[in-house]
Amino acid sequence: MLMVVCSSLRRPGHVGAASTMRNLNWILGGGYRPPIQALARHYVQAPEARPVADERFSASHQDRKDIATQTVRSSKPKDLLPPSSPSPSPTPTPTPPLPPPMSDRNTDPALDVGPGVAVPYNIDWIFPRLGTPRAFVFLNKTRVYNKERLIQLINKRPQGVPLVTVSNHYSCFDDPGLWGILPLSLVCNTYKIRWSMAAHDICFTNKRHSLFFMFGKCIPVVRGIGVYQEAINLCIEKAALGHWIHVFPEGKVNMEKEELRLKWGVGRIIYESPKVPIILPMWHEGMDDLLPNVEPYVIQRHKNVTVNVGQPLDLNDFVLDLKKRQVPEPTARKLITDKIQEAFRGLRAETEKLHRERD
């Protein structure tokens with residue numbers, strides 16, 4: 001199993017392959033200096049056990065524009081490089097505390113919050129610079145059923161219509177391992193390969209790791225702070241551009257293979273996308289045999305991996321009806337997520353049977 005990642009990253013004023021290598025060497029060789037900020041930030045946890053009233057969408061705000069056009073960015077994405085250190089002020093003056101940059105600035109104040117979530121490495125600089133990365137990923141092959149459904153939707157879906165694929169999450173190898181089923185012409189196409197959310201505390205722990213996963217079109221998600229965060233906002237923006245987004249709605253590696261309640265972030269992405277996405281469920285078995293979830297975490301050989309691409313979910317009329325009836329967003333995103341959970345049940349049973357037949 002081999003994964004080789006190559007990237008093309010340009011600084012302003014430089015073009016061509018030679019300058020690309022100079023730029024990459026400049027980044028990794030110390031040309032970048034991270035901002036002087038606190039080593040830890042704390043974020044409040046938003047409960048998702050039940051739908052709650054959302055004061056952001058009161059009757060006076062029902063005519064708001066799509067969230068994709070409202071998301072506020074702290075800076076313009078001029079390039080993909082981390083920002084230079086600001087010059088420290090010789091005479092600092094006390095200022096009132098600012099809201100956490102990673103949390104949604106319009107978070108519902110009515111939500112009951114729980115313990116904070118520590119973010120040991122500052123990842124705020126990543127979001128404005130994920131607009132135009134160029135990543136090339138070469139992955140291993142595995143067996144897949146109904147592969148043409150996925151390839152067809154990647155290549156030939158209506159222009160401007162986003163694609164949201166969803167799958168179970170049994171191993172840390174699921175992404176990128178899943179995309180070994182695709183032809184290299186898609187895997188190597190940075191404009192067609194998926195966007196995917198990755199845990200900030202695993203994949204974005206320092207500068208080098210952050211750059212590596214950024215080049216792979218991964219978006220850092222902070223687990224435990226709810227659906228109103230920059231990772232979900234950015235996914236909605238990518239959906240507004242008609243891109244492909246992959247989501248693991250279980251929200252974690254499901255080592256026990258339980259039927260977990262799916263996280264509602266995927267429901268928010270679908271509901272707030274200007275165009276209702278095509279939703280494609282997938283299920284896989286055997287990834288945790290390929291890369292076990294126990295030490296020493298070594299990729300194994302000669303293991304069966306089964307990937308089954310389900311039927312696309314047509315939720316266009318369903319979502320439009322929710323919007324027409326002005327169903328509160330927390331309720332709407334739950335109802336959408338429940339549709340995906342229902343599709344997962346049948347697809348899981350079918351895939352487990354296909355996988356057993358290979359033994």
Side-chain angles (χ1 to χ4, degrees), residues 44-73 99 102-114 157-166 195 197 219 221-222 224-245 247 249 251 261-281 311-345:
V44 295
Q45 182 176 5
E48 295 183 354
R50 59 184 177 82
V52 294
D54 194 338
E55 295 179 2
R56 298 189 313 145
F57 304 106
S58 59
S60 61
H61 293 83
Q62 289 296 337
D63 57 344
R64 65 181 179 83
K65 296 181 181 179
D66 292 299
I67 190 70
T69 63
Q70 290 185 332
T71 303
V72 178
R73 287 283 173 263
M102 276 297 301
S103 61
D104 192 282
R105 288 165 174 76
N106 291 321
T107 299
D108 185 352
L111 292 176
D112 183 21
V113 298
R157 67 183 182 276
Q159 185 175 5
V161 176
L163 171 64
V164 174
T165 53
V166 289
W195 290 93
M197 289 183 283
I219 301 171
V221 61
V222 182
I225 67 171
V227 301
Y228 298 114
Q229 59 170 293
E230 284 294 327
I232 304 297
N233 293 345
L234 186 56
C235 285
I236 294 170
E237 291 185 2
K238 297 305 179 182
L241 296 172
H243 292 187
W244 168 25
I245 303 154
V247 181
R261 177 189 64 78
L262 303 185
K263 302 297 184 182
W264 297 341
V266 65
R268 183 184 171 216
I269 294 170
I270 294 167
Y271 186 70
E272 297 194 15
S273 173
K275 290 187 178 180
V276 179
I278 298 172
I279 305 156
L280 188 66
Q311 292 283 356
L313 301 182
D314 183 6
L315 299 185
N316 189 74
D317 292 341
F318 180 73
V319 173
L320 293 179
D321 180 66
L322 292 175
K323 292 181 177 180
K324 181 179 179 180
R325 293 188 289 115
Q326 297 185 349
V327 174
E329 185 200 349
T331 302
R333 66 173 182 248
K334 178 188 182 299
L335 294 173
I336 293 169
T337 307
D338 287 347
K339 294 283 187 180
I340 297 173
Q341 184 126 37
E342 182 179 348
F344 266 3
R345 292 190 183 102

Going through the distances and angles, do R268 and N233 end up as a side chain to side chain contact (heavy atoms under 4.5 Å, CB included)?
-> CA-CA 9 Å; R268 183 184 171 216; N233 293 345; 2.9 Å; yes

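For the side-chain contact (heavy atoms from CB on, under 4.5 Å) with P249, the lone residue among L262, I269, T337 that qualifies is L262.
Counting all heavy atoms, side chain and backbone alike, C235 lies closest to I219 at SG-CD1, 3.9 Å. The two residues V164 and P277 make their nearest non-hydrogen contact at CG2-CB, 3.6 Å. Of all non-hydrogen atoms in H243 and W195, the two that sit nearest each other are ND1-NE1, 3.2 Å.
Distance check, rounded to the nearest 0.5 Å: CD1 of I278 to CG of L280 gives 9.0 Å. Here K339 contributes atom NZ and L313 contributes atom CG; the two are 9.5 Å apart, rounded to the nearest 0.5 Å. Annotation: the span from I336 atom CD1 to L315 atom CG amounts to 7.0 Å, rounded to 0.5 Å. Annotation: the span from I270 atom CD1 to W264 atom CH2 amounts to 14.5 Å, rounded to 0.5 Å. Separating the NZ atom in K334 from the CD atom in Q341 is a distance of 9.0 Å, to the nearest 0.5 Å. Here M197 contributes atom CE and Q229 contributes atom CD; the two are 8.0 Å apart, rounded to the nearest 0.5 Å.
Looking only at side-chain heavy atoms (C-beta outward), K275 and P162 come within less than 4.5 Å of each other. Taking 4.5 Å as the limit, some side-chain heavy atom of L335 sits within range of a side-chain heavy atom of F318. R333 is not listed as a side-chain neighbour of E272, based on a closest heavy-atom distance of 4.5 Å or more.
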